[in-house]
Amino acid sequence: MSNHKFQCSSCSSSYEPSPTLLECDRCGSPLNISYVTQLGSDLHPTRWSGHPIPLPLDHQKDLITLGEGNTPVVQLNNVKNRIGAEIYVKQEYMNPTGSFKDRGTSVMISALKSFGINELVEDSSGNAGASLSAYAAMSNMKAHIFVPESAPAPKIGQIQVYGATIHKIPGSRDATTEAAKAFVRNNNLVYASHNLSPFFIEGTKIFAHEVFREFGDHIPEDIVIPVGNGSLYLGMWKGLCELKESNQISRIPRLHFVQTEAVKPIYSAANNVAWDTSMIRETRSGGTAVGSPPRQDQVIDALIRSKGSCTTVTEKELIDWQKFLASKEGIYAEPTSATALAGTEKLIRSGEIGKNSRILVPITGSGLKDDQPN
Ligand SMILES: Cc1ncc(COP(=O)(O)O)c(C=O)c1O
Ligand SMILES: [Zn+2]
């Protein structure tokens, strides 16, 4: 018997786990993993946390891994001088393919492999596609990756060198998703969507467990995350809830998120401001450029429950921060990651985050994988 079920994020209907079920049959909402029993799995202290973490695998040795996770945390003094608050960054770009996506891919691909799946389709602004391509390569799976035609050349090159078949789609990031879904339907393949697969968040949640290992019950009061679909944000929330339910932490930090002025569906919905995809503008923050994020309601629920806040940043602000991080701290983040720092500065200025707070920000992806800043 499996140690988990799929559970609807909206109506709570539950389903037997399946590689092809990506939304609730009854209401169409995205699905989450719900653990039936932890006894069925061999829960041992993991290499990430030193304490057991429930994973949707029969045995933790089934995990397909390239050594993701265990990324370093550093304190940034020049950023502290600029924003006036203590700040830590967790260097997620040091994951095997250069972004935090490897955490989710590792667990998702392990689960799909255990179903006997050997061919996958995924759509991505670049990082998730590169990640899936790498893990598919090392586990002898075939990957089809759909990317926007405008995706940065280094990311496209990375996907190709891992041996995936690449499909470049003109138009928006959402057009890429539609093309991938049509390809899945027409070829009867498995859609390994990092946005819809409930397995992906089970990997990103390990970020929270590592933060606990690093800080114990003194986790920074405020955590700021760039959000497109919200896979790291929701993983962080799920991991923190697991830590709280198992009484390992006494309080949940505030989870804030940042989007850009160019693409801000979740920010707008959270603030009851009208916004639709016809208002999408070009942005250098490709990772947050998602017009219709399927897990939007879940992100807003976590925002409210963690008492977090959200903000948006302009193109100028995020590029300014990308350059500041590189030239003052030696951290070459990609523009999407710099949005989180630009947003942090705004949340401090607006008083949403207090100056006495300690703040944690993930540097989600590497500048080496994106177009150079002008
Ligand atoms: C570097 C980087 N940071 C953040 C994000 C946002 O992640 P999510 O869409 O899961 O919110 C992405 C997504 O592609 C990304 O590539
Ligand atoms: Zn439902």
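Nothing fancy with the numbering, it's 1 onward along the sequence. Everything numeric in this text was worked out from a predicted model, so none of it was measured. Whatever order the structure lists ligands and atoms in, that order sets their numbers, starting from 1.
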Exercise. Does Ser99 have a non-hydrogen atom less than 4.0 Å from ligand 1?
Worked result: no

Problem set entry | Residue-ligand contact Val290/ligand 1, heavy atom below 4.0 Å | no

Exercise. Does a salt bridge link Lys155 with Glu334, judged by any charged N lying under 4.0 Å from a carboxylate O?
Worked result: yes

Exercise. Charged N to carboxylate O below 4.0 Å: is that the case for Glu261 and Arg281?
Worked result: no

Exercise. Which ligand 1 atoms are under 4.0 Å away from a heavy-atom of Gly230?
Worked result: 8 (P), 9 (O), 10 (O), 11 (O)

Exercise. Using heavy atoms and a threshold below 4.0 Å, how should the contact between Ser231 and ligand 1 be classified: side chain, backbone, both, or neither?
Worked result: both

For this session: Inspect the contact between Lys346 and Glu352 and indicate whether a charged nitrogen and a carboxylate oxygen are less than 4.0 angstrom apart.
Result: no

Exercise. What angle sits at the Zn ion (ligand 2) between SG of Cys24 and SG of Cys8, to 10°?
Worked result: 110°

Seminar exercise, completed: Per-atom filter on ligand 1: closer than 4.0 angstrom to a heavy atom of Ser125 are 14 (O)

Problem set entry | Lys NZ or Arg CZ of Arg103 over Phe207 ring: under 6.0 Å, within 45° | no

Exercise. Looking at atom 6 (C) of ligand 1, what's its closest protein heavy atom, distance included?
Worked result: Gly287 O, 3.5 Å

For this session: Give the atoms of ligand 1, by number and element, whose distance to some non-hydrogen atom of Gly365 is under 4.0 Å.
Result: 1 (C)

Seminar exercise, completed: With heavy atoms and a 4.0 Å threshold, my read on which part of Lys101 contacts ligand 1 is side chain

Problem set entry | Arg82/Glu345 salt bridge by N-O under 4.0 Å criterion | yes

Problem set entry | Phe100 and ligand 1 - part of the residue with a heavy-atom distance under 4.0 Å | side chain

Exercise. Can you tell which part of Asn127 has a heavy atom less than 4.0 Å from ligand 1: side chain, backbone, both or neither?
Worked result: side chain

For this session: Specify whether Tyr88 and Phe215 have parallel, tilted or perpendicular ring planes, treating 30° as the upper limit for parallel and 60° as the lower limit for perpendicular.
Result: perpendicular

Exercise. Is Val227 near ligand 1, meaning one of its heavy atoms is under 4.0 Å from it?
Worked result: yes

Exercise. So which protein heavy atom does atom 4 (C) of ligand 1 come closest to, and at what separation?
Worked result: Thr336 CG2, 3.5 Å

Exercise. Taking Arg284 as the fixed residue, which of Asp371, Asp320, Asp370 is the one that meets the salt bridge (charged side-chain N to carboxylate O under 4.0 Å, His left out) rule?
Worked result: Asp370

Problem set entry | Proximity winner for atom 3 (N) of ligand 1, if only heavy atoms of Thr364, Ile363, Ile225, Val299 are counted | Thr364

Exercise. Are side-chain N/O atoms of Lys328 and Asn81 paired as donor and acceptor at under 3.5 Å?
Worked result: no

For this session: Indicate whether the side chain of Thr71 and that of Lys90 have a donor and an acceptor atom separated by less than 3.5 Å.
Result: yes

Exercise. Taking atom types as modelled, is there a side-chain donor on Lys369 or Asn127 under 3.5 Å from an acceptor on the other?
Worked result: yes

Exercise. When you check the side-chain N and O atoms of Ser125 and Arg173, is any donor under 3.5 Å from an acceptor?
Worked result: no

Problem set entry | Ala128 near ligand 1 by a heavy-atom separation under 4.0 Å | no

Problem set entry | ligand 1 atoms in contact with Gly228 (distance to a heavy atom under 4.0 Å) | 6 (C), 8 (P), 9 (O), 11 (O)

Problem set entry | Heavy atom of the protein closest to atom 9 (O) of ligand 1 (residue, atom name, distance) | Asn229 N, 2.7 Å

Exercise. For ligand 1, which atoms have a heavy atom of Glu334 less than 4.0 angstrom away?
Worked result: 1 (C)

